[in-house]
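Any value given below was found using the heavy atoms of this structure, including those in side chains, with hydrogens, waters and symmetry copies removed. Note that the coordinates shown come from a computational prediction; the quantities given were computed from them, not determined experimentally. First listed ligand is number 1; within each ligand, the first listed atom is number 1. Numbering of residues begins at 1 and proceeds along the displayed sequence.
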Amino acid sequence: MNKLSTMLPASKLKIIQDLIASSTKEELIWINGYLSGVLSAGAEPANEPVVAKPAVNKITIAYGTETGNSKKLATNFAATAKKSGINAKLVSLDQYRLNDLAKEEYFFTIISTQGDGEPPAAAKKFYDHIHQNGFNVNHLKYGVLALGDTSYPLFCKAGEDVDAQLQKLGGERVVSLHKCDTDFESDAGNWFTHVISKLSGNGSPAPAVSPPVAKKSGKKVYTGSILKNINLNDRGSNKQTHHIEIAADELEYSPGDSIGIVPKNPAHIVQSIISLTGIDENKELTYRNENVSILNLLQNKLNIVYMPERVVKQYAAIVQQDIPETKISLLDLLKIYPVKNTSQFEEVIGILEPITPRLYSIASSREAHGDEVHLTVARDFFQVNNEKKVGLASDYLCQLPENGELEFYVHKNDQFRLPAPDKDVIMIGPGTGIAPFRSFLAERDSTGAGGRSWLFFGDQHFVTDFLYQSELQNWLETGVLSRLSVAFSRDKKEKVYVQHKMINHAAEFYQWLDNGGYVYICGAKEPMSVDVESTLLLIIRQYGNKSLQEANDYLDAMKAEGRYLKDVY
Ligand SMILES: Cc1cc2nc3c(=O)[nH]c(=O)nc-3n(C[C@H](O)[C@H](O)[C@H](O)COP(=O)(O)O)c2cc1C
């Protein structure tokens, strides 16, 4: 401010100070871009109007999101564009009319990456459309902002693919692809400024972005201590579902959020690798700009358990052997196709990918449980070639001792939130799908929400697998839970699932829907969420007297109103 005040007369300084004080963050970003555009174009600022008429006045901003980050940014971008005099049409990629793409002139996409380098479910149709259908977009001028997380091996892959494919189809980039890590706010703000300045006919410089791999992820990492780690299933169950309570300071989360953890590799496997290769475990290698010992890398940072085919392919090239491209562990690879010496093994370490974070829905509420986060974790057992295997992350979590420590971060999910307290909610969450609903109910209990709540829960056996039974029955008695419908699939000859319970109560279910109720599904994507959705459509058709098309439209309208929400995996 001092420098400004010596350079400008008081009257001009006052105008600037008033402008800054009365501007939103988005407006300040725009002003910043506008001024840099004016300066880089060498124009005389004094002769410029305060709001320049943009060269482009209509754009489409389409977002593909899973947990709401891309949507939030796209909404900000649209607001910034509008303030600059650009008419921005904002649309979710799952609502986007695919045939419109060939007619678009200016098209901007903000898209995240999910799974192992895949587009979000809501962007899948668009992604497949541009990759599979032979057409061209010669008139299209576009830009892609990719959201991702450098903890994942395929950083921003979906955004990269969309950007490359639109060019392949004949589109012209207005700005180059911009990839953001989890601390995306300011990076994205710079990108908006850059795009708008381009559209306004100014050439503000491209935003400075440091190479993502060199950057530390911006997630706030908590160190929690384990208060409780108990198996909720009774003796005789086929399952092990752990309820884990973790205490941490200054926790911030909302019902609907998850926590992300990076599991550690089993110590005995790491030791076997070290002795098999004869590598010096204390030797330090450079990993993400830091010196890290080989032991630390193998134990805590690199995926050695189920390596994807792309890594196996690189391993084959290093050891110069023909290796079938299949998912395999590093130890098995080393046993079957040994490395020549320790320096060849160091080369192998160089191609290993980071351990990917795993997400677990939060089963607690800050309102009810204070500085604690609770999880509901199913221990994963499976067989590969008749060999018993365990899931890396669930095994790691279920074995954490009381008073042990766990590092984690909060993964926000703005797409899976409780509605206003007076609204009715129907929650369908069999198995570990119950986790976010325990959080919802605890929150509604603590805040005295007035809306009705109906939970559909299911598992194998009533006697051994009724997770959180006494808590749920308590909530039923106190009215926090208005209705509880349970389905235990293996108690009778015929299998009974949550969707059968929906049918049993179909008339009432439809009344809740038609009364503005919200429907949430959490748990297995297939077959559970697919079967539940078909049942939902059936109920809407039968009890709402609708055709198939009308029932689909009804469900689409619920989605658009944020009344049909899924968190499935
Ligand atoms: C299950 C899961 C898988 C993910 N996989 C990737 C990935 O392969 N590559 C990547 O760059 N980011 C990955 N991410 C990170 C997301 O892209 C990142 O959190 C982003 O900000 C989410 O934006 P959205 O809320 O708009 O979906 C993944 C996130 C989750 C929850």
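- Ligand 1 has an N or O atom lying under 3.5 Å from an N or O atom of Ser70, backbone or side chain.
- Close approach of ligand 1 to Leu359 is summarised as follows: ligand atoms under 4.0 Å from at least one heavy atom of the residue are 31 (C).
- At least one side-chain heavy atom of Tyr360 sits less than 4.5 Å from a side-chain heavy atom of Leu397.
- If you check each of Ala122, Ser151, Gly148 against atom 18 (C) of ligand 1, the one with the closest non-hydrogen atom is Gly148.
- Under the 6.0 Å distance and 45° angle rule, Lys219 counts as a cation-pi partner of Tyr409.
- Between Phe382 and Tyr306, the ring-plane angle classifies as tilted under the 30° and 60° cut-offs.
- Every atom of ligand 1 is numbered from 1 in the order shown, and the set under 4.0 Å from a heavy atom of Thr65 is 24 (P), 25 (O), 26 (O), 27 (O).
- Salt bridge absent: Arg366 and Asp257 never bring a charged side-chain N and a carboxylate O closer than 4.0 Å.
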Got a list of side-chain donor-acceptor pairs under 3.5 Å for residues 520-527, not counting sequence neighbours?
unit_1, atom_1, unit_2, atom_2, d
Tyr520, OH, Arg417, O, 2.6

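- Using cut-offs of 30° and 60° for the angle between ring planes, the Phe440 and Phe437 rings count as perpendicular.
- At a heavy-atom cutoff of 4.0 Å, ligand 1 is contacted by both the backbone and the side chain of Phe155.
- Counting heavy atoms from C-beta on, the side chains of Ser92 and Lys71 never come closer than 4.5 Å.
- Residue-ligand proximity, Gly117 to ligand 1, at heavy-atom distances under 4.0 Å covers atoms 8 (O).
- In terms of polar-atom proximity, Ser112 is counted as a contact of ligand 1, with an N or O under 3.5 Å from an N or O of the ligand.
- At under 3.5 Å, not a single nitrogen or oxygen of Gly64, backbone or side chain, sits near a nitrogen or oxygen of ligand 1.
- Counting only heavy atoms of the protein, atom 25 (O) of ligand 1 lies nearest to Thr67 OG1, 2.5 Å.
- For atom 13 (C) of ligand 1, the nearest protein heavy atom (residue, atom name, distance) is Thr113 O, 3.1 Å.
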query = Taking it one step at a time, do Ile428 and Val519 satisfy side chain to side chain contact (heavy atoms under 4.5 Å, CB included)?
reply = CA-CA 8 Å; Ile428 303 161; Val519 176; 4.1 Å; yes

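- The single protein non-hydrogen atom nearest to atom 3 (C) of ligand 1 is Gly115 N, 3.2 Å, given as residue, atom name and distance.
- For ligand 1, the atoms sitting less than 4.0 Å from at least one non-hydrogen atom of His411 are 19 (O), 31 (C), numbered in the order shown with element in parentheses.
- At least one N or O atom of Leu154 sits closer than 3.5 Å to an N or O atom of ligand 1.
- No cation-pi contact links Lys559 to Tyr564, judged by a cut-off of 6.0 Å to the six-membered ring centre and 45° from its axis.
- Protein heavy atom nearest atom 12 (N) of ligand 1, with residue, atom name and distance: Asp149 N, 3.2 Å.
- The N/O atoms of Gln114, backbone and side chain alike, include one that comes under 3.5 Å of an N/O atom in ligand 1.
- Residue Pro120 places no heavy atom under 4.0 Å from ligand 1.
- In terms of polar-atom proximity, defined here as any N/O pair under 3.5 Å, Glu118 makes no such contact with ligand 1.
- When only non-hydrogen protein atoms are considered, atom 11 (O) of ligand 1 lies nearest to Cys156 N, 2.7 Å.
- Nearest heavy-atom pair across Pro419 and Arg444 is CG-NH2, 4.2 Å.
- When hydrogens are left out, the protein atom nearest atom 21 (O) of ligand 1 is Asn69 ND2, 2.9 Å; that is the closest non-hydrogen contact.
- Here the straight-line distance linking atom OH of Tyr152 with atom CD of Glu353 works out to 13.0 Å at 0.5 Å rounding.
- Ring geometry for Phe107 against Tyr96 counts as tilted: the plane angle lies between 30° and 60°, on a 0 to 90° scale.
- Considering backbone and side-chain atoms together, Lys71 places no N or O closer than 3.5 Å to any N or O of ligand 1.
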